[in-house]
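In what follows, a single structure is set out as structure tokens and then discussed.
We number each residue from 1, following the sequence as shown. Please read all numbers here as calculations on a predicted model, not as lab measurements.
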Amino acid sequence: MRPLLFSRHAALALLFLSRPAAADDLAAMARASGTPYIPGLRIVWLAPWGDPAKAHPWTNIIVHQTEGPAGSARAGALAQAKTPKRRGVTLWVETDGTVYWAVPETMVTLHGDGANRNDNRYIDNASTYRKVVRDNSIGVEFAGNYPDVTTPATEAQIAAWRVLSKLLRLRYRIPRDRIYAHNWIDYKDASYCEGCALAELARAAPD
């Protein structure tokens, strides 16, 4: 029987499937173009990556949660891809952890409310008031907190976010302290803190 021969690319793929991405691996992948496979993430590419040097100059990440049921991330992402300038975000995360990259990274979507919070309730808003806005912030929307808006993100969403938040920071060179929950910078639904647990998780994640 002839031995099976594996190409170098096949061997690398098996290696990535067998272990989590190391920091150096993820840093290299974060500078890729096209629709790369990122270990630990299941990404549906509705818009591929381009040259990271030509991406919009993102300096912040805003974490949103939508009052929609399971399945609404896919619907929201498809609608965003069809009409990029509708109110929404660049990335949508489904309850099963699937990430939908909806629009090109060169495009500013209509999310956020202008960073109108200045009461310092969650963070010091001196550096965010009217400054952390859609023009400089890439948005990530997590679906599934319906009908109870206090429902937390699923384990699958949290696992995906651990990798995704680091990937975004590496690709766009965003410091961890520039990851914000929507409630931290805008006056939102008082019954729950939109994006707060997810933003705290990403800020505390080890490199």
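- Heavy-atom contacts from other residues, nucleotides or ligands closer than 6.0 Å to CZ of Arg86 number more than 12.
- Linking ILVMFWY residues whenever their side-chain heavy atoms come closer than 4.5 Å, directly or via other members, places Val140 and Leu198 in the same cluster.
- A donor-acceptor pair under 3.5 Å is absent between the side-chain atoms of Arg134 and the main chain of Val89, judged by distance alone.
- Within 6.0 Å of atom NZ in Lys85, more than 12 heavy atoms from other residues, nucleotides or ligands are found, so the atom counts as buried in its surroundings.
- Nearest heavy atoms, Glu94 versus Tyr100: CB-CE1, 4.2 Å.
- Across all their heavy atoms, Trp92 and Gln80 have their closest contact at CZ2-OE1, 3.4 Å.
- Scanning all heavy atoms of the two residues, the minimum distance from Arg171 to Asp51 falls at NH2-C, 4.3 Å.
- Scanning both residues, Lys131 and Asn136, for their nearest heavy atoms gives O-ND2, 2.8 Å.
- A donor-acceptor pair is defined here as one N or O able to donate and one able to accept, closer than 3.5 Å; no such pair exists between the side chain of Arg178 and the backbone of Asn60.
- Atom CH2 in Trp184 sits 12.5 Å away from atom CG in Asp124 (nearest 0.5 Å).
- Side chain of Arg117 to backbone of Thr128: no donor-acceptor contact under 3.5 angstrom is found.
- Judged by distance alone, with hydrogens and angles left aside, the side-chain atoms of Asn120 form a donor-acceptor pair with the main-chain N or O of Asn125 at under 3.5 Å.
- Judged purely by atom type and a 3.5 angstrom limit, Glu105 uses its side chain to pair as donor or acceptor with the backbone of Gly50.
- More than 12 non-hydrogen atoms from other residues, nucleotides or ligands lie less than 6.0 angstrom from CZ of Arg130.
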Side chain to side chain contact (heavy atoms under 4.5 Å, CB included) between Glu194 and Asp186, worked out: CA-CA 10 Å; Glu194 181 189 335; Asp186 286 316; over 6 Å; no
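- Counting only distance, with no hydrogens or angles, the side chain of Gln157 and the backbone of Ala143 share a donor-acceptor pair below 3.5 Å.
- Atoms CD1 and CG, from Ile43 and Leu91 in turn, are 8.0 Å apart once rounded to the nearest 0.5 Å.
- Remark: Arg162 CZ is loosely packed, at most 12 non-hydrogen atoms of other residues, nucleotides or ligands lying under 6.0 Å away.
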Between side-chain atoms of residues 65-79 and protein atoms elsewhere (two or more places apart, or another chain), which donor-acceptor pairs fall under 3.5 Å?
| from | atom 1 | to | atom 2 | distance (Å) |
| --- | --- | --- | --- | --- |
| Gln65 | OE1 | Gly195 | N | 2.7 |
| Glu67 | OE2 | Tyr192 | OH | 2.4 |
| Ser72 | OG | Pro69 | O | 2.6 |

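- Contact record, Asn183 with Cys196: CB-SG, 3.9 Å, taken as the closest heavy-atom pair.
- Residue Ile62 holds its CD1 atom at 3.5 Å from CD1 of Ile185, rounded to the nearest 0.5 Å.
- In this structure, the side chain of Lys166 engages the main chain of Pro206 through a donor-acceptor pair within 3.5 Å.
- Donor-acceptor pairing under 3.5 Å is recorded for the side chains of Tyr187 and Asn118.
- Looking at Thr35, Val44, Thr90 one by one, the single match for side chain to side chain contact (heavy atoms under 4.5 Å, CB included) with Trp101 turns out to be Thr90.
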Verdict with supporting geometry, Tyr172 and Ile138, side chain to side chain contact (heavy atoms under 4.5 Å, CB included): CA-CA 10 Å; Tyr172 304 117; Ile138 191 166; 4.0 Å; yes
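- Val133 and Val108 are members of different hydrophobic clusters when ILVMFWY side chains are connected at heavy-atom separations under 4.5 Å.
- Leu26 and Ile158 fall within a single hydrophobic cluster, where Ile, Leu, Val, Met, Phe, Trp and Tyr are joined by side-chain heavy atoms under 4.5 Å apart, directly or via other members.
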Under the side chain to side chain contact (heavy atoms under 4.5 Å, CB included) criterion, do Val63 and Trp161 qualify, and how do the steps go? CA-CA 10 Å; Val63 186; Trp161 179 231; 3.6 Å; yes
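- The two residues Val132 and Ala115 come nearest to each other via the heavy atoms O-CB, 3.3 Å.
- Applying the side-chain hydrogen bond (donor to acceptor under 3.5 Å, both in side chains) test between His64 and each of Lys188, Glu141, His182 identifies His182 as the sole match.
- The hydrophobic cluster containing Ile179 also contains Val163, counting ILVMFWY residues as joined when their side-chain heavy atoms lie under 4.5 angstrom apart, directly or transitively.
- Hydrophobic cluster membership is shared by Leu170 and Val99, with clusters built from Ile, Leu, Val, Met, Phe, Trp and Tyr side chains linked at under 4.5 angstrom.
- Here CG of Leu168 is found 13.5 Å from CZ of Arg173. Values are rounded to the nearest 0.5 Å.
- One finds the CG atom of Asp135 at 8.0 Å from the CH2 atom of Trp58 (value rounded to the nearest 0.5 Å).
- A distance of 10.5 Å separates CD1 in Ile123 from CD in Glu200, rounded to the nearest 0.5 Å.
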